[in-house]
Trainee: 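Below you'll find the structure I mean.
All residue numbers refer to positions in the sequence shown, counting from 1.
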Amino acid sequence: ENLYKITVFTGLREGEVLGLTWDCIDLEKGTAKVNKQLRRRQEKGGEYYFSPPKNNKSRTLTLAPTVVQTFKREKQNQLEMQSKAGEAWNNEHDLVFTNELGGFLSYRTAYDCFKRVVASIGCPNARFHDLRHTYAAMLIAQGAHPRAMMERLGHSTIQVTLGTYGHLFPNLEE
């Protein structure tokens, strides 16, 4: 649940949210630094690894207070998982989102859980990436400037932002 809430209220790409580490989250300042993404080698049994975010562009996001609270809940969840796992716990990368033993949370797990949730609410065709689009639409509805959106979403240019979301801006032609 926390994974999806954080994604929809930050606009992070799937690899960016799965690659978040606690050293990039400042709960006091209410910020998240996006400086890497989690990837998986495209071969059977491919290993997970970190790479720079898309466009090699790091960014720091200011988090809404409700998002900070969600990160705090995830920290508590993780402490409970660690307690249950005991000596088997190994979060060597200091990941925010892990499996029950502290390892990488697989894309497959994130996808399968997401698909179950959206199917249960009558939206079986929704994609994980739609959480990012929802975030962008919420920014536009709140009057966000395209340049600010570009920076928050980590787009390489404002043309990418406008090309993707321009149709949602009211009175853009004016």
Trainee: Just how far is it from atom CG of Asn56 to atom CG of Asn35, taken to the nearest 0.5 Å?
Mentor: 12.0 Å
Trainee: With a 3.5 Å distance limit and no angle check, can you tell me whether Asn99 reaches the backbone of Gly103 through a side-chain donor-acceptor pair?
Mentor: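 It does hold such a pair.
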Trainee: Set out, in order, the CA-CA distance, both residues' side-chain angles and the distance that settles side chain to side chain contact (heavy atoms under 4.5 Å, CB included) for Asn77 and Asn2, then state yes or no.
Mentor: CA-CA 10 Å; Asn77 288 347; Asn2 293 333; 3.1 Å; yes
Trainee: Using the rule that two of Ile, Leu, Val, Met, Phe, Trp, Tyr join whenever any of their side-chain heavy atoms come within less than 4.5 Å, decide whether Leu27 and Leu20 are in one cluster.
Mentor: yes
Trainee: Is the shortest side-chain heavy-atom distance between Phe71 and Trp22 below 4.5 Å?
Mentor: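 Yes. Closest side-chain heavy atoms under 4.5 Å.
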Trainee: Are side-chain heavy atoms of Gln76 and Leu79 found at a separation under 4.5 Å?
Mentor: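 Yes, side chains in contact.
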Trainee: Decide if atom NZ of Lys33 counts as having more than 12 heavy atoms of other residues, nucleotides or ligands within a radius under 6.0 Å.
Mentor: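 Check fails, neighbour count at 12 or below.
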Trainee: Does the side chain of Lys75 reach to within under 4.5 Å of the side chain of Val96, using non-hydrogen atoms?
Mentor: no
Trainee: Roughly how far, to the nearest 0.5 Å, is CD of Gln82 from CG of Asn91?
Mentor: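 Going from the CG atom of Asn91 to the CD atom of Gln82 covers 8.0 Å.
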Trainee: Would you call Leu61 and Leu12 a side-chain contact if the rule is heavy atoms closer than 4.5 Å?
Mentor: yes
Trainee: Counting N and O atoms only, with roles assigned by atom type, does the side chain of Asp130 sit under 3.5 Å from a partner on the main chain of His133, one being a donor and the other an acceptor?
Mentor: no
Trainee: Can you hop from Ile6 to Met81 via hydrophobic side chains spaced under 4.5 Å?
Mentor: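 As far as the 4.5 Å side-chain criterion goes, Met81 and Ile6 are not connected within one cluster.
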Trainee: On the six-membered ring of Tyr49, is Arg41 placed so that its NZ or CZ lies under 6.0 angstrom from the centre and within 45° of the ring axis?
Mentor: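 Ring-cation test returns yes.
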Trainee: Where do Lys115 and Ala126 come nearest, in terms of heavy atoms and distance?
Mentor: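 Answer, listing the atom of Lys115 first, then Ala126: NZ-O, 2.8 Å.
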Trainee: Show, in sequence, the C-alpha distance, side-chain angles and deciding distance for Met149 and Ile140, and conclude whether the side chain to side chain contact (heavy atoms under 4.5 Å, CB included) test is met.
Mentor: CA-CA 8 Å; Met149 284 184 61; Ile140 292 166; 3.4 Å; yes
Trainee: Please test Glu16 against Arg59 for salt bridge (charged side-chain N to carboxylate O under 4.0 Å, His left out), starting from the C-alpha separation and ending with a verdict.
Mentor: CA-CA 11 Å; Glu16 292 171 342; Arg59 62 195 188 278; 2.8 Å; yes
Trainee: Is there a side-chain contact between Leu139 and Tyr165 (heavy atoms, below 4.5 Å)?
Mentor: no
Trainee: Quick one: pull up CD in Gln37 and CG in Leu18 and give me the separation to the nearest 0.5 Å.
Mentor: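 Reported to 0.5 Å precision, the distance equals 10.0 Å.
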Trainee: State, to 0.1 Å, how close Arg39 and Ser51 come at their nearest heavy-atom pair, and which atoms those are.
Mentor: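 The answer is CG-OG, 3.2 Å.
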Trainee: Would you please test Phe9 and Tyr135 for ring pair (Phe, Tyr, Trp, His ring centres under 6.0 Å) and show each step?
Mentor: CA-CA 6 Å; Phe9 291 111; Tyr135 174 74; 8.0 Å; no
Trainee: Flag yes if Ile158 and Leu153 sit in one hydrophobic cluster, no otherwise; membership is Ile, Leu, Val, Met, Phe, Trp, Tyr, and two members link when side-chain heavy atoms are under 4.5 Å apart.
Mentor: yes
Trainee: Are Phe50 and Leu3 linked, directly or through intermediate hydrophobic residues, by side-chain heavy-atom contacts shorter than 4.5 Å (ILVMFWY only)?
Mentor: yes
Trainee: Should Lys5 and Glu74 count as an ion pair when the cut-off is N to O under 4.0 Å?
Mentor: no
Trainee: Do Phe104 and Phe97 come close enough that some side-chain heavy atom pair is under 4.5 Å?
Mentor: no
Trainee: Just wondering, are more than 12 heavy atoms of other shown residues or ligands nearer than 6.0 Å to NZ in Lys29?
Mentor: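 No, not enclosed.
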Trainee: Side-chain heavy atoms under 4.5 angstrom apart, residues restricted to Ile, Leu, Val, Met, Phe, Trp, Tyr: same cluster for Phe128 and Met138?
Mentor: yes
Trainee: If you measure from CG on Leu101 to CD on Glu87, what distance do you get to the nearest 0.5 Å?
Mentor: 13.0 Å
Trainee: Indicate yes or no for a side-chain donor-acceptor contact from Arg152 to the backbone of Ala136 under 3.5 Å, with no hydrogens or angles considered.
Mentor: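 Checked: no pair found.
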Trainee: More than 12 non-hydrogen atoms from neighbouring residues, nucleotides or ligands closer than 6.0 Å to CD on Glu80, yes or no?
Mentor: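 Buried by this count: over 12 neighbours within 6.0 Å.
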Trainee: Does this structure show an ion pair linking Arg108 with Asp112, if we count only N-O contacts that are shorter than 4.0 Å?
Mentor: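 Between Asp112 and Arg108 there is a salt bridge, with a charged N closer than 4.0 Å to a carboxylate O.
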Trainee: Cys24 versus Thr21: any side-chain heavy-atom pair under 4.5 Å?
Mentor: yes
Trainee: Between Tyr4 (side chain) and Ala110 (backbone), is there a donor-acceptor pair under 3.5 Å?
Mentor: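 Indeed, once roles are kept as given, a pair shorter than 3.5 Å links the two residues.
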Trainee: Hey, are the side chains of Met150 and Val160 touching, using non-hydrogen atoms and a 4.5 Å cut-off?
Mentor: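 Counting from C-beta outward, Met150 and Val160 never come under 4.5 Å.
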Trainee: Measure the spacing between NE2 of His145 and CD of Glu151 and express it to the nearest 0.5 Å.
Mentor: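 Atom-to-atom, His145:NE2 and Glu151:CD are 10.0 Å apart.
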Trainee: Take atom NZ of Lys54 as the centre, draw a 6.0 Å sphere, and report whether it contains more than 12 heavy atoms from other residues, nucleotides or ligands.
Mentor: no
Trainee: Do Gln42 side-chain atoms and Arg40 backbone N/O form a donor-acceptor pair below 3.5 Å?
Mentor: yes
Trainee: For residues Gln78 and Thr98, report the shortest heavy-atom separation together with the two atoms involved.
Mentor: NE2-CG2, 3.4 Å
Trainee: Between Glu100 and Trp89, do the side chains contain an N or O donor and an N or O acceptor separated by less than 3.5 Å?
Mentor: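 No pair is found: no donor N or O on one side chain lies under 3.5 Å from an acceptor on the other.
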Trainee: Nearest 0.5 angstrom please: Leu63 CG to Thr10 OG1, how far?
Mentor: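 That separation rounds to 7.5 Å.
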